[in-house]
> 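Input: one structure, supplied below.
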Amino acid sequence: MNSTGPAPGSQASLREMNRLRVLDAVREHGALTQVEIAGVTGLSAATVSNLVKELDAAGAVQLTPSIRNGRRAVQVSVAASHGLLAAVVFGDRDVRVALGTGGPEVLSQKRMPLPADHAADEGVTRGARLVHELVATSGHDMGEIRAVGIGLPAPIDTVSGQVGSEGILPGWRGVPVASDMAEALGTPVLLDNTANLAALGESKFGALQGVSTGIFIKASYGVGAGLIIGGELFRGSAGTAGEIGHVTIDEDGPICRCGNRGCLDTFVGAQAVLGALRDSHGALTLRDVIARARDGDPGCRRVLEDAGRHIGVAVAGVVNLLNPEVVALGGQVARVGDLVLDPMREAIERCAIPSAAASVDLRLGALRPEEADVLGALVLADQVREDADRAALATV
């Protein structure tokens, strides 16, 4: 059998692992001196010095003269040549595009509206065009884009790489979105649903940082969840874990767009919320309802409180199943804060096992609704870049 790398446990394997430790340290913490790298990694100063020389020769890091504590030092950071990352996140009626480098800062971003029930080819075309425009106006070129993370507000079947439901985003059904976007952009692409991406963003930079077992609930036009288990995003065997919006809470309830009856989405999705207010308030958008609720409108407050209670009942089942440390609420509905959190909390306390309910911390997401999934898409893209960098360093 042929081997593609150093034998496990060999000196070469250990050196490769240590190079990756150094690179991961500066990627995670930003520019560090060699002394700081030694402190973060636990490696000796002499070992770090030799590894930094190797990484510099390979073009993986850049070295910058600096002054630390009154003494000359050299800062080590990830080489700019390691490129940019891009995010393309689709909503029901828009697409958002962003550029980043792997940290919590977005370098630039743009948004474009899309018609309701748009088809996949239109979405892919507009998303790709927006990436090209954003790269050009930011003073970069497409050759600098190392990878792109794509988000869709639908379950993604990781086996087929397609939307995993006939009734959700029907215009995207049967389309190989990742490969079509990769062809349009000329760079590697990874696809996931937006609730998972928001959970990734919160896990890396927000309310789920350092959490081993957590749930992120995204409540906007629909409701979905991202599950963090063992500190990693859990997608399930075919990628559709976390579809809490399609958990049945009333077997005799309304027909859902997924084809089932009484899904959580039919009680807390935008259609249900707006429908409950149509006779009394006329035609509103979800943003209108949220704004009016924050201003004290009793009808708008009531439907959002009801939504919080329904979400809490569904979340209680997940709390019983996973016994998470944290449940974080994000999405547009999270803008009303305790108006939704309080009935969620009461429902969890009423419906979950007491010890599980007592041990879970229910909180708001730390990131803005419009940035959590974008940052998560950049995290997803960064995983592609890291894998490529690791493969390249294995040959140094």
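Heavy atoms only: backbone and side chains are in, while hydrogens, waters and symmetry mates are out. Throughout, residue positions are numbered sequentially from 1 according to the sequence presented.
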> Counting only heavy atoms from other residues, nucleotides and ligands, does the tally under 6.0 Å from CD of Glu232 exceed 12?
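Not more than 12 within 6.0 Å, no.
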
> I would like to know whether Leu329 and Arg363 meet side chain to side chain contact (heavy atoms under 4.5 Å, CB included); could you show each step before the answer?
CA-CA 6 Å; Leu329 176 68; Arg363 61 177 72 160; over 6 Å; no

> Salt-bridged, Arg302 to Glu305, with N to O below 4.0 Å?
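No, Arg302 and Glu305 are not salt-bridged.
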
> Decide yes or no for Leu152 and Val163: does some side-chain heavy atom of the first lie under 4.5 Å from some side-chain heavy atom of the second?
yes

> Under the criterion side chain to side chain contact (heavy atoms under 4.5 Å, CB included), I'd like the reasoning laid out for Val327 against Asp361: C-alpha separation, chi angles, the key distance, then a yes or no.
CA-CA 6 Å; Val327 172; Asp361 176 8; over 6 Å; no

> If you round to the nearest 0.5 Å, how far is CD1 of Ile249 from OG1 of Thr266?
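One gets 6.5 Å once the value is rounded to the nearest 0.5 Å.
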
> Could you tell me whether a side-chain N or O of Asp338 sits under 3.5 Å from a main-chain N or O of Leu341, the two making a donor and an acceptor?
no

> Please confirm whether the backbone N or O of Leu43 pairs with a side-chain atom of Thr41, one donor and one acceptor, at under 3.5 Å?
yes

> Can you name the closest pair of heavy atoms from Gln34 and Val48 and give their distance?
O-CG1, 3.7 Å

> Grouping I, L, V, M, F, W and Y whenever their side-chain heavy atoms are under 4.5 Å apart, do Ile255 and Phe267 come out in a common cluster?
no

> Hey, does the side chain of Thr158 reach the backbone of Ala238 with a donor-acceptor pair shorter than 3.5 angstrom?
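Yes; at least one donor-acceptor contact below 3.5 Å.
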
> Side chain of Arg96, backbone of Phe90: donor and acceptor closer than 3.5 Å?
no

> Treating Asn320 as the side-chain partner and Ile353 as the backbone partner, does any N or O pair qualify as donor plus acceptor under 3.5 Å?
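Yes, because the side chain of Asn320 sits within donor-acceptor range (under 3.5 Å) of the backbone of Ile353.
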
> Going by atom type alone, with no hydrogens or angles, which donor-acceptor pairs under 3.5 Å involve a side-chain atom of residues 210-230 and a protein atom two or more places apart or on another chain?
from: Lys218; atom 1: NZ; to: Thr194; atom 2: OG1; distance (Å): 3.2
from: Lys218; atom 1: NZ; to: Asp373; atom 2: OD2; distance (Å): 3.3
from: Ser220; atom 1: OG; to: Gln332; atom 2: N; distance (Å): 2.9

> Below 4.0 angstrom, N of the basic side chain to O of the carboxylate: do Asp56 and Lys53 qualify?
no

> Side chains of Phe205 and Val379: closer than 4.5 Å at any heavy-atom pair?
yes

> Could you give the distance from NZ (Lys204) to CG (Leu233), rounded to the nearest 0.5 Å?
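Separation between the atoms: 13.5 Å.
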
> Heavy-atom distance under 4.5 Å between the side chains of Glu16 and Arg21, does that happen here?
no

> Restricting to non-hydrogen atoms, name the atom on Ala25 and the atom on Leu32 that form the minimum distance, rounded to 0.1 Å.
O-CD1, 3.9 Å

> Begin from the C-alpha positions of Asp297 and His281 and carry the test side chain to side chain contact (heavy atoms under 4.5 Å, CB included) through to its verdict.
CA-CA 10 Å; Asp297 182 288; His281 289 65; 3.0 Å; yes

> Please report the shortest heavy-atom distance between Ile168 and Pro155, naming the atom on each side.
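Heavy-atom minimum between the residues: CD1-CD, 3.9 Å.
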
> Between Asp252 and Arg261, does at least one N-O distance fall below 4.0 Å, as a salt bridge requires?
no

> Same cluster or not: are Leu208 and Leu375 linked, directly or through other Ile, Leu, Val, Met, Phe, Trp or Tyr residues, by side-chain heavy atoms under 4.5 angstrom apart?
yes

> Looking at Asp295 and Arg292, is there a salt bridge between them, counting it only when a charged N and a carboxylate O are closer than 4.0 Å?
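Salt bridge flag = no for Asp295 with Arg292.
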
> Would you kindly confirm whether Val88 and Leu85 end up in one hydrophobic cluster when ILVMFWY residues are joined by side chain heavy atoms under 4.5 Å apart?
no

> Report whether Leu322 and Ile348 are members of the same hydrophobic cluster (ILVMFWY, side-chain heavy atoms less than 4.5 Å apart, transitive linking).
yes

> Calculate, to the nearest 0.5 Å, the distance between atoms SG and CG belonging to Cys300 and Asp288 respectively.
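Answer for the SG-CG pair, Cys300 versus Asp288, is 8.5 Å.
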
> Measure the shortest side-chain to side-chain distance between Leu380 and Asp192 over non-hydrogen atoms and say whether it is less than 4.5 angstrom.
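Contact flag for Leu380/Asp192 side chains = yes.
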
> Would you check if the side chain of Thr248 reaches a backbone N or O of Glu251 as a donor-acceptor pair within less than 3.5 Å?
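Looks like no, no N/O pair under 3.5 Å.
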
> I need the minimum non-hydrogen distance between Ala381 and Gly149, along with the two atoms involved.
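What the structure gives for the nearest pair is CB-N, 3.7 Å.
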
> Look up atom CG in Leu378 and atom OG1 in Thr101, then write down how far apart they are to the nearest 0.5 Å.
8.5 Å

> Of Val374, Val148, Leu134, which is the lone residue that meets side chain to side chain contact (heavy atoms under 4.5 Å, CB included) with Val97?
Leu134

> Find out if a path of hydrophobic residues (ILVMFWY) with successive side-chain heavy-atom gaps under 4.5 Å connects Leu197 to Val95.
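Hydrophobic grouping puts Leu197 apart from Val95.
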
> So that I can tick it off, tell me whether Arg345 and Asp342 are bridged by a salt bridge, with the cut-off set at under 4.0 angstrom between side-chain N and carboxylate O.
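Arg345 and Asp342: salt-bridged.
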
> Ignoring hydrogens and angles, tell me if any N or O in the side chain of Glu349 forms a donor-acceptor pair with the backbone of Glu346 under 3.5 Å.
no

> Identify every side-chain donor-acceptor pair in residues 174-191 under 3.5 Å, counting partners at least two apart or on other chains, and give the distances.
from: Ser179; atom 1: OG; to: Pro176; atom 2: O; distance (Å): 3.0
from: Thr187; atom 1: OG1; to: Ile145; atom 2: O; distance (Å): 3.0
from: Thr187; atom 1: OG1; to: Arg146; atom 2: O; distance (Å): 3.2

> Once rounded to the nearest 0.5 Å, what's the spacing between atom CG of Asp382 and atom CZ of Arg385?
4.5 Å

> Indicate the atoms forming the closest heavy-atom contact of Ser359 with Asn323, along with that distance.
OG-ND2, 3.3 Å

> Run His118 and Trp172 through side chain to side chain contact (heavy atoms under 4.5 Å, CB included) and show every step you take.
CA-CA 8 Å; His118 57 273; Trp172 293 74; 3.5 Å; yes

> A side-chain contact here means heavy atoms from C-beta on lying under 4.5 Å apart; do His132 and Arg129 qualify?
no

> Which of these passes salt bridge (Lys or Arg N to Asp or Glu O under 4.0 Å) with Glu133: Arg111, Arg126, Lys110?
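Exactly one candidate clears the test, Lys110.
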
> Quick one: are Glu54 and Leu51 in side-chain contact, heavy atoms under 4.5 Å?
yes

> Assess whether a salt bridge exists between Arg335 and Glu370, defined as any Lys/Arg side-chain N lying under 4.0 Å from an Asp/Glu carboxylate O.
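Looking at Arg335 and Glu370, the cut-off is met.
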
> Contact between Leu107 and Leu84 at the side-chain level, heavy atoms closer than 4.5 Å - yes or no?
yes

> Show the numbers, then the answer: is there a side chain to side chain donor-acceptor pair (under 3.5 Å) between Asn18 and Arg15?
CA-CA 5 Å; Asn18 285 339; Arg15 197 161 192 83; over 6 Å; no

> Search all heavy atoms of Leu364 against all heavy atoms of Ala334 and return the closest pair with its distance.
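For Leu364 and Ala334, the tightest heavy-atom pair comes out as CD2-O, 3.8 Å.
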
> Just by distance, do the side chain of Glu202 and the backbone of Ala199 share a donor-acceptor pair under 3.5 Å?
no

> Is there a side-chain contact between His246 and Asp265, using heavy atoms and a 4.5 Å cut-off?
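Side-chain contact under 4.5 Å: yes.
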
> Going from NE2 on His140 to CG on Leu99, what distance comes out if it is rounded to the nearest 0.5 angstrom?
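It comes to 7.0 Å.
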
> Could you pull out every donor-acceptor pair under 3.5 Å between side chains of residues 270-278 and any protein atom, sequence neighbours left out?
none

